[in-house]
Amino acid sequence: MPELPEIESLRRQLSRVLKGENIGKAEVYDRKIGRLPDLQGRTVAAVRREGKALWVDLGGDLALRLHMRMSGRLLWRAGGGARPAHTRFCLFFRTGELLCVDPRRFATLEARRTEEDTAAAPDALQVKDAAWLQKAAQGRRLPVKTFLMDQRILTGIGNIYACEILYDAAVDPHRAARSVSRREWRRITEAMARVLKTAVKCRGTSISDWRDLHGEKGEFQNRLQVYDRSGQTCRRCGGTVQRTVLGGRGTYFCPSCQR
DNA sequence: CCCTATGTTCCCAA
DNA sequence: CTTGGGAACATAGG
């Protein structure tokens, strides 16, 4: 479920709660999520984000890499108590517990060496160069929306924010990436920064079950312009928001003002 | 039974 | 070899 703004919200909250704290023990309840070495006594040095993945640096060369995929959630609680359904692992600290809950079991957890952090593609919040995007899109016939969601090109954008960004930029998500003009790439670049920064400030989009580290809803669902609004009136031009499918994902856009 | 779901990866055909 | 589309992964909810 989580995209860049949701993961960035988790990162900030995790950093505040975990930095400098020592791990008492780690328990994995679902082997499918991954395996862990003995982490007893390890200290959290930093929490970083790489696209939609979280890195928990544990000093030395050791780090945990966590990816929430579709339904993963992290929950911090000061006290103990019964584990929620679908809890996949737990890290215990003197100050509380960090639980990972993931109904669909797509999330991944791995212990890795810090140097294995091989960030190849730039973070969507760092991309400010329309010319660079246009170059990357050169010759590509795939829909511009699918292009923006390709984590090998740039990282962090998922289905909701791809829809919102293209709406903000007034570009039709079906357009072949290579057909997008420089002016349109400029609009997309600006929309990307605007939408993602605002969504981070709102601590993400709680459309169904996204909750932050402390179980709180985000606020960006109140500011969505197209996502999940099919059949409703476009706030910009009065047209009707349509839903189509691109790359197997529900895609929302306004055919009258996104060209 | 059908469809949908904030993600990634694999397979296949062109 | 590259590109793009679709299925698969696993589970819950409407």
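Proteins get letters first, then strands, A, B, ... in listed order; numbering begins at 1 in each. Every value quoted in this text rests on a predicted model; they were computed, and no experiment measured them.
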Using a cut-off of strictly less than 4.0 Å, decide whether A/Lys52 has a side-chain nitrogen or oxygen near OP1 or OP2 of B/dT8.
-> yes
Using the P atom as the reference point in each nucleotide, state the distance between B/dC3 and C/dA7 in Å, no decimals.
-> 11 Å
Counting only heavy atoms not in A/Lys32, do more than 12 fall under 6.0 Å of its NZ?
-> yes
Using whole Å, report how far CG of A/Leu10 lies from C1' of B/dT6.
-> 12 Å
Report the relative orientation of the aromatic rings in A/Phe253 and A/His174; use parallel for angles under 30°, tilted for 30 to 60°, perpendicular for over 60°.
-> perpendicular
Taking pairs as Watson-Crick (N1-N3 plus N6-O4 or O6-N4) or G-U wobble (N1-O2 and O6-N3), each distance under 3.5 Å, the stems of three or more consecutive pairs with DNA chain C are B:2-5 with C:11-14, B:7-14 with C:2-9
Indicate for each nucleotide in nucleotides 8-14 of chain C, in 5' to 3' sequence, whether protein heavy atoms under 4.0 Å reach the base (B), only the sugar-phosphate (S), or nothing (-).
-> -BBBS--
Interatomic distance where CG belongs to A/Asp150 and P belongs to B/dT9 [whole Å] | 11 Å
When you measure from the centre of the six-membered ring of A/Tyr167, is the NZ or CZ of A/Arg236 under 6.0 Å away and within 45° of the axis?
-> yes
Can you sort out which residues in residues 153-175 of chain A have a heavy atom within less than 4.0 Å of DNA chain B? Ascending by number, please.
-> A/Gly158, A/Asn159, A/Ile160
Does a donor on one side chain and an acceptor on the other come within less than 3.5 Å for A/Glu184 and A/Ser181?
-> yes
Nearest-Å distance, CZ (A/Arg140) to P (C/dT2)?
-> 11 Å
When we call it a touch if two heavy atoms are under 4.0 Å apart, what does A/Gly250 touch: a base, just sugar-phosphate, or nothing?
-> sugar-phosphate
A/Phe220 atom CZ is separated from B/dT6 atom C1', nearest whole Å, by 13 Å
N or O in side chain of A/His67 less than 4.0 angstrom from B/dG7 OP1/OP2 = no
Winner on side-chain proximity to A/Tyr227, out of C/dG5, B/dA5, B/dG7, is B/dA5
Grab the NZ-C1' distance between A/Lys145 and C/dG5 for me, whole Å please.
-> 14 Å
Base, sugar-phosphate, or nothing: which does A/Ile207 touch, judged by heavy atoms less than 4.0 Å apart?
-> base
Verify the ring-centre separation between A/Tyr227 and A/Phe220: is it less than 6.0 angstrom?
-> no
For nucleotides C/dA8 and B/dC2, find the distance between their P atoms and express it as a whole number of Å.
-> 14 Å
Less than 4.5 Å apart, any side-chain heavy atom of A/Leu99 and any of A/Leu74?
-> no
Can you tell me the distance, in whole Å, between the CG atom of A/Asp228 and the P atom of B/dA5?
-> 8 Å
Selected nucleotide, minimal atom distance to A/Gln151 side chain, candidates C/dG5, B/dT8, C/dG4 = B/dT8
Can any side-chain N or O of A/Lys52 pair as donor or acceptor with the backbone N or O of A/Arg49 at less than 3.5 Å?
-> no
Nucleotide nearest A/Met149 when distance is taken to its side chain, options B/dT6, C/dG5, B/dG7 = B/dG7
Would you mind classifying the nucleic acid contact of A/Arg243 as base, sugar-phosphate or nothing, using non-hydrogen atoms under 4.0 angstrom?
-> sugar-phosphate
Taking atom P in both C/dA12 and B/dT9, compute the distance separating them and give it to the nearest angstrom.
-> 24 Å
Donor-acceptor pair, side chain of A/Arg223 and main chain of A/Glu219, under 3.5 angstrom = no
Just by modelled atom types, is the A/Trp185 backbone N or O under 3.5 Å from a matching donor or acceptor in the A/Thr189 side chain?
-> yes
Roughly how many Å is it from CG in A/Asp102 to C1' in B/dT6, rounded to a whole number?
-> 13 Å
Taking atom types as modelled, find out whether A/Trp76 and A/Glu97 have a side-chain donor-acceptor pair closer than 3.5 angstrom.
-> no
Write down the distance between CZ (A/Arg249) and C1' (B/dT4), rounded to a whole number of angstrom.
-> 11 Å
Going by atom types alone, do A/Ser9 and A/Asp212 pair a side-chain donor with an acceptor below 3.5 Å?
-> no
Criterion side chain to side chain donor-acceptor pair (under 3.5 Å) against A/Asn159, the qualifying member of A/Glu164, A/Arg249, A/Lys145 | A/Lys145
Check the side chains of A/Asp168 and A/Gln225 for a donor-acceptor pair under 3.5 angstrom, ignoring hydrogens and angles.
-> no
